[in-house]
Amino acid sequence: INDRSFIRSSQFSVDELNDPRFSYKFDEQQQALLPRSLSAFIFLDGIDGVDIAGCSFENNDTQATGKDRGWGILAWNSSFDVTSFCDDFNLITGNCDGTETPNTFNNLHYGIFVRPIAAGGNILISKNEFTNNDFGVVFEGASNTADIHTNTFNVDESDDPFASAHGGIY
């Protein structure tokens, strides 16, 4: 195993500009002028071996659309695992004897976006929940070994013929 860092049981979220916790309120005209863009909650660039488990990635800004909804994880030339977190893993059986908490990706443009990666890089995406994202998992020009299984994709199924296309895995 190469360098194995981890991010576990963490919450990443962005709220609307008019969050009641802030004293200044933007009117509609001011909001239209402000950048809404959320880039990525986690950006991996040249990382070999990071485990992301049991985290939540959520955009609660109801005014954000398209790419302004942001990315959960943006990975560039990296290998990583995005899996559920087990609070009682049995090393003998290799099974979770406790509670499994999935990573959740909600209201984002891309849940996980993978850019080119060198041959030999491994990616595991397993036991995650993707809800109301424009795209759950996207690979762009990647030539690697990806293992994607046991995920749940809840894709917006709009009846509007002019609505943007959405997808689970693209």
Begin with the C-alpha distance, continue with both residues' side-chain angles, and end with the deciding distance and a verdict on side chain to side chain contact (heavy atoms under 4.5 Å, CB included) for L124 and V82.
CA-CA 6 Å; L124 172 63; V82 182; over 6 Å; no
With a cutoff of under 4.5 Å between side-chain heavy atoms, which Ile, Leu, Val, Met, Phe, Trp and Tyr residues group with F89?
L91
S9: partners by side chain to side chain contact (heavy atoms under 4.5 Å, CB included), with sequence neighbours left out:
F85
Can you list the residues that meet the side chain to side chain contact (heavy atoms under 4.5 Å, CB included) rule with T131, with sequence neighbours excluded?
N106, N154
Spatial distance of atom CZ (R8) from atom OG1 (T83) [nearest 0.5 Å]:
8.5 Å
Under the side chain to side chain contact (heavy atoms under 4.5 Å, CB included) criterion, do K67 and D134 qualify, and how do the steps go?
CA-CA 9 Å; K67 290 186 178 182; D134 294 336; over 6 Å; no
Of all residues at least two apart in sequence or in a different chain, which pass the side chain to side chain donor-acceptor pair (under 3.5 Å) check with S84?
E100
Using side chain to side chain contact (heavy atoms under 4.5 Å, CB included), reason through F6 and V50 one step at a time and then give a plain yes or no.
CA-CA 5 Å; F6 61 87; V50 63; 5.6 Å; no
Let me confirm one number: the CG-CG distance from D61 to N107, rounded to the nearest 0.5 Å.
10.0 Å
Among all residues two or more places apart in sequence or in another chain, which pass the ring-ring contact (aromatic ring centres under 6.0 Å, His included) test with F153?
F130
Sequence neighbours excluded - disulfide (SG to SG under 2.5 Å) pairs with any residue from residues 71-111
C86-C96
Is there any disulfide (SG to SG under 2.5 Å) pair reaching into residues 50-81, and which pairs are they, with sequence neighbours excluded?
none
Among residues at least two apart in sequence or on other chains, which ones pass side chain to side chain contact (heavy atoms under 4.5 Å, CB included) with I42?
I7, F12, L44, I52, F57, I73
Can you list the residues that meet the side chain to side chain contact (heavy atoms under 4.5 Å, CB included) rule with D88, with sequence neighbours excluded?
D97
From E140 CD over to Y110 OH, what is the distance, rounded to the nearest 0.5 angstrom?
7.0 Å
Residues forming a side chain to side chain donor-acceptor pair (under 3.5 Å) with N151, sequence neighbours excluded:
N128
